[in-house]
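These notes concern the structure reproduced below.
Because only heavy atoms are used, hydrogens play no part in the values below, and waters and symmetry mates are left out as well, while side chains stay in. Letters A, B, ... mirror the listed sequences (proteins, then strands); counts begin at 1.
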Amino acid sequence: MGNSLYGPLDDPATDAGFTEAPPRMGFFTDTSVCIGCKACEVACKEWNAVPEDGFNLLGQSYDNTGGLSANSWRHVAFVEQPAPAHVDALTEAGTQFLGMPLSDLPGRVTDAPRTDFRWLMMSNVCKHCTHAGCLDVCPTGALFRTEFGTVVVQDDICNGCGYCISGCPYGVIDRREDDGRAWKCTLCYDRIGDGLTPACAKACPTESIQFGELDELRTRAAERVAKLHEDGVTEARLYGNDPDDGVGGDGAFFLLLDEPEVYGLPPDPHVPTRDLVKMWKKAGLAALSMVATAVVVFAGRSK
Amino acid sequence: MSPGGGDRPMVPKAEFESYYGRPIVRPPVWTHDIAIYLFTGGLAAGSAILAAGGQATGDPVLRRAGRAVTMAALGASTFFLIKDLGRPERFHHMLRVIKPTSAMSLGTWLLSGFGGVAGVAAASEFAPLLPERGPLGLVRRVLPPVGAVAGYGTAALAPGLATYTAVLFSDTAVPSWNAVYPDLPFVFAGSALASGAAVGLVAGPNDRVVQMAVIGAALELGAGHRCEHGYGLLSEPYRKGRAGKLLKAAKVLNAVGAVGAVVGRRSRVVSALAGAALLAGSVLTRFGVFEAGVESAKDPRYTVVPQREQANGKKVNFPSA
Ligand code: SF4
Ligand code: SF4
């Protein structure tokens with residue numbers, strides 16, 4: 001029957017009414033191997049024919065995209081910060097340090113000694129939440145749950161009411177200005193239906209973006225984080241992998257090397273609909289107070 | 001610890017991290033059209049209650065004024081609701097599904113139903129203009145009783161129309177709208193009652209209308225105060241900046257309107273002025289609540305700090321609902 005509003009859910013596709021749903025598909029984005037090449041951003045634009053997002057120089061490290069938007073469905077965040085003491089642990093963990101993007105050919109200048117500075121890079125994307133705020137609030141049914149458990153907007157239905165934009169706890173979905181409709185990552189619904197890998201994951205040269213069955217990705221991610229901890233990268237943590245979190249777990253989750261807010265992610269998001277029943281109860285009480293007022297005022301003895 | 005020992009801030013400035021200070025949740029794409037819609041929807045609801053009150057007490061002035069303003073406010077509501085869509089010509093897509101998890105879906109259906117019955121009630125006012133004989137004569141006889149039922153039907157739907165918008169706002173990731181869900185519907189309920197009473201104060205004041213104005217304004221002020229002070233950091237946007245100014249002005253207008261309605265109840269002029277103050281107060285309340293939410297979404301602090309406290313397992317300074 002109706003969608004459950006909150007809490008862990010075995011399979012959102014089944015919950016949405018699919019009878020023989022294929023396994024839930026998702027992304028595991030391992031930021032510890034991201035090199036900030038933005039191939040994902042470009043591949044996504046190419047495949048999905050996403051318009052340009054303006055050519056801006058934001059002065060925010062190598063990030064000139066700024067964030068996810070109607071016209072950017074993958075966004076690579078760049079954070080420059082002092083490194084924890086064990087910055088080389090990542091190298092020992094099998095991650096080759098590729099150096100920072102240079103304006104010169106590698107090796108032409110002498111290697112500078114490693115500094116105490118580190119970069120964090122993360123390719124952000126729609127989380128395809130188990131309990132998706134955007135989907136819950138959409139009044140037209142334009143947003144729907146696919147058989148793969150992902151969340152997709154139907155552009156022929158959306159009337160641009162804008163409710164989903166405020167319903168998303170991650171600030172992902174956005175209205176395209178010249179078009180009036182809401183747009184976001186579809187997890188390449190057209191590709192995965194044909195057994196293909198989404199464009200971003202396909203283009204990612206380091207397998208920072210991994211696509212697959214969510215169960216398998218979760219296992220793989222747990223192993224990866226255990227390995228990193230073993231190798232001394234104690235700050236490695238998973239984000240969005242937990243079915244007990246505020247959105248019932250993300251279909252697209254991450255391995256991060258710092259707190260989520262450093263990357264522009266909410267530290268402990270919850271689907272607004274979690275409290276929907278309580279909200280309607282309060283509204284009902286307020287409505288009753290209006291009825292009571294009307295009765296007291298107009299049914300009382302004449303004055 | 002300033003030596004002067006000036007005002008201690010209610011909420012200490014919290015340290016927090018962000019990505020270049022960029023917002024985390026996306027600020028609403030809704031424009032002020034939606035703030036106006038909140039007001040006109042509330043006004044339609046309040047006037048419908050006023051009109052039904054006029055029906056019940058045999059006061060044709062209140063009934064007619066209430067029905068007329070209900071229709072006008074309803075027209076305005078529909079206009080602003082459609083205007084704010086990215087694709088206005090697709091407004092009817094709202095009516096292709098009924099979605100219980102979407103307050104906008106339920107609200108659109110409610111507005112449509114309300115519009116239907118309110119239209120019948122308003123049309124019945126024109127019955128006396130119809131000829132007494134022939135088929136139209138029949139309509140002339142049938143319309144008033146049908147209109148009476150429709151009038152009460154409109155008033156029965158009115159409280160829903162006035163308060164669903166609070167759920168609409170609260171069921172979002174906009175921090176300061178989401179947090180205040182226990183009190184926001186009472187703000188909107190009070191604001192709707194006060195604006196409906198204001199119509200009565202202008203059109204034909206009597207003691208009942210004054211009473212309705214006072215209760216409405218008191219509800220709006222009381223619940224508004226809780227929004228402004230009861231939710232820790234997330235109350236801050238209701239007190240600061242433009243939203244703070246709007247809400248302060250709204251409070252003054254509501255208080256002045258309520259007191260004026262009582263004190264000046266024997267004077268048509270003072271009553272009408274009190275009504276105008278209450279209407280203006282209701283408008284400013286809606287704009288203030290709207291702006292406070294937008295500000296809370298723009299500044300990542302309001303997203304990060306409460307969630308960080310939650311994540312760290314600290315007790316968050318929220319009243320339990
Ligand atoms: S991240 Fe936002 S846009 Fe994506 S599914 Fe979740 S709520 Fe919807
Ligand atoms: S903007 Fe479109 S997708 Fe978003 S809630 Fe409205 S109709 Fe649904």
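- For A/Leu58, the part sitting under 4.5 Å from any heavy atom of chain B is the side chain, from C-beta outward, and nothing else.
- The contact between B/Ser170 and chain A is made by backbone and side chain atoms together, counting heavy-atom distances below 4.5 Å.
- Of the two parts of B/Phe91, only the backbone, made up of N, CA, C and O, holds a non-hydrogen atom closer than 4.5 Å to a non-hydrogen atom of chain A.
- Contact annotation for B/Pro27: only backbone heavy atoms (N, CA, C, O) come within less than 4.5 Å of a heavy atom of chain A.
- What you find for B/Ala311 and A/Asp268 is that their closest heavy atoms are N-OD2, 3.8 Å.
- Ranked by heavy-atom pairs shorter than 4.5 Å toward chain B, the options A/Val295, A/Asp275, A/Asp258, A/Val271 are led by A/Asp275.
- Between chain A and the residues B/Arg90, B/Glu17, B/Arg22, B/His92, the largest count of heavy-atom pairs under 4.5 Å involves B/Arg90.
- A donor-acceptor distance shorter than 3.5 angstrom exists from the side chain of B/Lys99 to the backbone of A/Cys138, with no hydrogens or angles considered.
- Side-chain contact between A/Glu259 and B/Arg308 is present, with at least one heavy-atom pair separated by less than 4.5 Å.
- Considering only heavy-atom pairs separated by less than 4.5 Å from chain A, the leading option among B/Asp171, B/Val25, B/Asp59 is B/Asp171.
- Residues B/Arg87 and A/Asp179 approach most closely at NE-O, 2.8 Å, considering heavy atoms.
- Side-chain atoms of B/Tyr19 come within 3.5 Å of backbone atoms of A/Phe78 as a donor-acceptor pair (strictly under, hydrogens ignored).
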Assess whether side-chain contact (heavy atoms from CB on, under 4.5 Å) is satisfied between B/Met212 and A/Phe298, documenting all intermediate values.
CA-CA 9 Å; B/Met212 179 173 166; A/Phe298 292 107; 3.8 Å; yes
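- For the set A/Arg274, A/Met290, A/Lys281, the count of heavy-atom pairs under 4.5 angstrom toward chain B peaks at A/Met290.
- When side chains are defined from C-beta on, B/Thr101 does not count as touching A/Val137, because their heavy atoms never get closer than 4.5 Å.
- Interface check for chain B: of the options A/Cys164, A/Ala182, A/Gly66, A/Gly67, the most heavy-atom pairs under 4.5 Å are formed by A/Gly66.
- Looking only at side-chain heavy atoms (C-beta outward), B/Gln211 and A/Val296 come within less than 4.5 Å of each other.
- When heavy atoms are compared at a cutoff of 4.5 Å, B/Ile24 approaches chain A by way of both its backbone and its side chain.
- Between B/Arg26 and A/Ser69, the shortest heavy-atom contact is NH2-CA, 3.6 Å.
- For B/Leu168, the parts sitting under 4.5 Å from any heavy atom of chain A are the backbone and the side chain alike.
- Using a 4.5 Å cut-off between heavy atoms, A/Cys168 touches chain B through its backbone atoms (N, CA, C, O) alone.
- The two atoms that bring B/Asn178 and A/His270 nearest to each other are OD1-NE2, 3.4 Å, heavy atoms only.
- Taken to the nearest 0.5 Å, the CG atom of A/Leu135 stands 10.5 Å off from the OG atom of B/Ser102.
- Going from atom OG of B/Ser18 over to atom CG of A/Leu265 covers 12.0 Å, rounded to the nearest 0.5 Å.
- Put simply, the side chain of A/Glu261 does not reach to within 4.5 Å of the side chain of B/Phe16, judged on heavy atoms.
- Residue B/Ala166: no heavy atom, backbone or side chain, is found under 4.5 Å from chain A.
- A donor-acceptor contact shorter than 3.5 Å links the side chain of B/Trp30 to the backbone of A/Cys161.
- The contact between B/Pro28 and chain A is made by backbone and side chain atoms together, counting heavy-atom distances below 4.5 Å.
- Proximity to chain A is limited to the backbone of B/Pro100, based on heavy atoms less than 4.5 angstrom apart.
- If you take OG1 on A/Thr140 and NE2 on B/His93, they are separated by 8.0 Å, rounding to the nearest 0.5 Å.
- Under a cut-off of 6.0 angstrom, the local environment of CD in A/Glu80 is crowded, with over 12 non-hydrogen atoms contributed by other residues, nucleotides or ligands.
- In terms of heavy-atom proximity, A/Asp174 sits nearest to B/Val29 at OD1-CG1, 4.4 Å.
- Residues A/Tyr163 and B/Thr172 are in side-chain contact: their nearest non-hydrogen atoms beyond the backbone lie under 4.5 Å apart.
- Annotation: the span from B/Thr163 atom OG1 to A/Lys282 atom NZ amounts to 13.5 Å, rounded to 0.5 Å.
- Within the 4.5 angstrom heavy-atom criterion, no atom of A/Val277 approaches chain B.
- Among B/Asp84, B/Val304, B/Ile49, B/Leu81, the residue making the largest number of heavy-atom pairs under 4.5 Å with chain A is B/Val304.
- Chain B forms more heavy-atom pairs under 4.5 Å with one residue of A/Cys134, A/Ser61, A/Gly133 than with any other, namely A/Ser61.
- Of the listed residues (B/Leu193, B/Thr57, B/Val174), the one with the most heavy-atom contacts under 4.5 Å to chain A is B/Leu193.
- Residue contact with chain A, scored on non-hydrogen atoms closer than 4.5 Å, involves the side chain of B/Leu219 exclusively.
- Counting heavy-atom pairs under 4.5 Å between each of A/Ala294, A/Pro269, A/Gly59 and chain B puts A/Pro269 at the top.
- Of the listed residues (A/Pro272, A/Pro260, A/Gly180, A/Gly160), the one with the most heavy-atom contacts under 4.5 Å to chain B is A/Pro272.
- Contact annotation for A/Ile157: both backbone and side-chain heavy atoms come within less than 4.5 Å of a heavy atom of chain B.
- The two residues B/Met104 and A/Pro139 come nearest to each other via the heavy atoms SD-CG, 3.6 Å.
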